[in-house]
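The structure under discussion appears below in the form of structure tokens.
First listed ligand is number 1; within each ligand, the first listed atom is number 1. Quantities reported herein were computed from a predicted structural model and do not represent experimental measurements.
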Amino acid sequence: MFVKNNTLVVLKNRLNQKDYQKIMRLGNPSINAFIATSIEICNPKNIFVATDSLEDIRYTREAAVRNHEEKALTMKGHTIHFDGYHDQARDKINTKFLLARDINLVPELNTMDRNEGLKEIHQIMTNIMADHELFIKFYCLGPTNSPFSIPCVQLTDSAYVAHSEDLLYRQGYQEFLRKGSSVHFFKFVHSQGELEQAGFQLLVSKNIEKRRVYIDLQEEIIYSMNTQYGGNSLGLKKLAMRLAINRCSQENWLVEHMLLMGVHGPHERISYFTGAFPSMCGKTSTAMMNGETIIGDDIAYLRNIDGKVRAVNAESGIFGIIEGINDSNDPLQWDALTHPAELIFSNILVTEENIVYWNGKPGIYPEAGVNYSGKWFKGALDTNGKEIPPSHKNARFTFRLNILPNVDPLLHDPHGAEVHGIIYGGRDSDTSVPVEESFDWVHGIITKGACLESETTAATLGKEGVRVFNPMSNIDFLSIPIGRYIQNNLDFGKKLQRSPRIFSVNYFLKDKNGSWLNEKNDKAIWLKWMELRVNNEVDTLRIPTGHIPIYTDLNKLYTQVLHKHYSQKDYNKQFTIRINENLTKITRMRNIFCTRILDTPSIVFNVLDEQEKRLIEAQQIFGEYITPDHY
Ligand code: SPV
Ligand code: MN
């Protein structure tokens, strides 16, 4: 970025004395330059610099209501925010990596020439904050004072974004002070751009056609313009994740789209698991499993510390999908959403009786109210003649993890939690068994992580049941080529003295007639079984694709945990090895790794070939569908 005028002169002229001192205390010329340059280009009406103080956090929270980005609801601490009607999800098309011309373009990533991108974004940014207040905030990804910490500076003219980040991330002003001038930090500039009125006279981004999210890996700066939706505007979420994936790939640690949770075993033992699931595959509901404890639901950092994997949650709050949350399946989330606490609802409905309503909420379907489309009534149609539901299917809630009763005590531990198991789970109606352990790290990373797929659902546009390739559920957030990313995962394992076990789960298996083979609560059993496995307390059956549970162990867990009998018949159906489906998957994967990914590590093909050989051998002896009693 360029600076027209002397940095300190700009800061002195534009900040009040108190805020100027807040910046000066950091004694960091690159922070000064980043802030001064952004101020010069965006030209905000006024500026607020926040430290970690409760007073500054309160100022931000109140500004969100004062600036008409949130409206207070009846319940204490609850507010509602709307994003524009066409600003309800991540904008994949306009999210681009800015790469210098001499860096080989990466076909899987959406990239553009860095100079052109910077020119365009600076034009969009020019005077964009002229009518707005700029919030300058400091955060820390990962716990503070920890080998995992990444300090961040967020500039935003949206009090909603700043308030959301106060709920979702740890404050980082002290971390900058502690680290001194040598700190390597991530930088974010966000503007909601020109605004227009939506329901409740809340203000939403108007110039959606000029929505841009540009990622400059070289300077570790993200630019996000003309948008409010969290996935585009919350710099520290998926945007920082892309910067972190690029950074960790040079330093041999991992940034993963993973939950992090404690699974509670016998005698009060807690074993920690990370888990990667593409969206709509049960990630949050797994992380929030009753009886277990949660550290994170979305982004985990994993490091090799003294030969073991330790992990932290990059975040400290949840920006979760609200659709379908109800008191019987999601009692903990339900409680959190229906009691006083500081939380933001986005893109749901407020009824005429002043009650919040989201799609699938138990109770009476509302007649009328106000939602992200404005005034709403039952049966209201959009301009394409499609019925507008009460809440958007990507409507969300934002709260701090510490309001949950099941938050794990290691949430802020600077050393993280030692990871005993890694879980990969996709939506798979016909191929893999409900739970399975890989043979080893390499087999797990390749057959369970890199080959992760998920079937499309009615909730997304297009055909249902189409398998989408999503290695480690991270494909949307990769900032490096897929082959290199897989290789990093493999290399990470090589240097460990004690590797976590790698598992797959599949909550979506169906029988030939299309009926589910499992119930929602069964995932509790798979978690408990994996907990016993990582502690070497149960044996397995070795099948061509990995290790599966023994019937009697599962039956014992069903009795203990769900208080019900588990029949041998159900077990046989669920754990039948489906040879042809598995072979077809290998062919599908080989094809993707050959044609779509240019830098696939050769070991991927070897591991797939070996698995294919084992499956064919089993097929020759036992046939197409092999029940576990053959092993
Ligand atoms: C996801 O889509 O995986 C999310 C929400 O966690 S977003 O912030 O939009 O990425
Ligand atoms: Mn996510």
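- A salt bridge is defined here as a Lys NZ or Arg NE, NH1 or NH2 lying under 4.0 Å from an Asp or Glu carboxylate O, and Glu323 with Lys393 fails to meet this definition.
- Between the NZ atom of Lys238 and the NE2 atom of His257, the angle taken at the Mn ion (ligand 2) works out to 100° after rounding to 10°.
- Of all atoms in ligand 1, numbered sequentially from 1 with element shown, those under 4.0 Å from a heavy atom of Asp298 are 6 (O).
- Scanning the protein heavy atoms around atom 6 (O) of ligand 1, the nearest turns out to be Lys238 NZ, 2.7 Å.
- Of all atoms in ligand 1, numbered sequentially from 1 with element shown, those under 4.0 Å from a heavy atom of Tyr229 are 7 (S), 9 (O).
- The aromatic ring centres of Phe492 and Trp253 sit 6.0 Å or more apart.
- Of the charged side-chain nitrogens involved, none lies within less than 4.0 Å of a carboxylate oxygen, so that Lys187 and Glu219 do not count as a salt-bridged pair.
- With salt bridges taken as basic N to acidic carboxylate O contacts below 4.0 Å, one links Arg114 and Asp216.
- Under 4.0 angstrom from ligand 1, there are no non-hydrogen atoms of Met280.
- Against a heavy-atom cut-off of under 4.0 Å, Lys237 is close to the following atoms of ligand 1: 8 (O).
- Atom OD1 is the N, O or S atom of Asp298 at the shortest distance from the Mn ion (ligand 2).
- Protein heavy atom closest to atom 2 (O) of ligand 1, with residue, atom name and distance, is Arg90 NH2, 2.8 Å.
- Salt bridge annotation for Lys137-Asp166: present, with a cationic side-chain nitrogen under 4.0 angstrom from a carboxylate oxygen.
- The Mn ion (ligand 2) has no N, O or S atom of Lys237 inside 2.8 Å of it.
- Atoms of ligand 1 lying under 4.0 Å from any heavy atom of Phe319, numbered from 1 in the order shown and given with element: 8 (O).
- We find that Lys448 and Glu436 are joined by a salt bridge, their nearest charged nitrogen and carboxylate oxygen being less than 4.0 Å apart.
- Taking the ring centre of Tyr507 as origin, the terminal cationic atom of Lys523 falls inside the region bounded by 6.0 Å and 45° from the ring axis.
- In this structure, Asp52 does not pair ionically with Arg170, as no charged nitrogen and carboxylate oxygen lie closer than 4.0 Å.
- Each of the atoms 3 (O) of ligand 1 lies under 4.0 Å from some heavy atom of His257.
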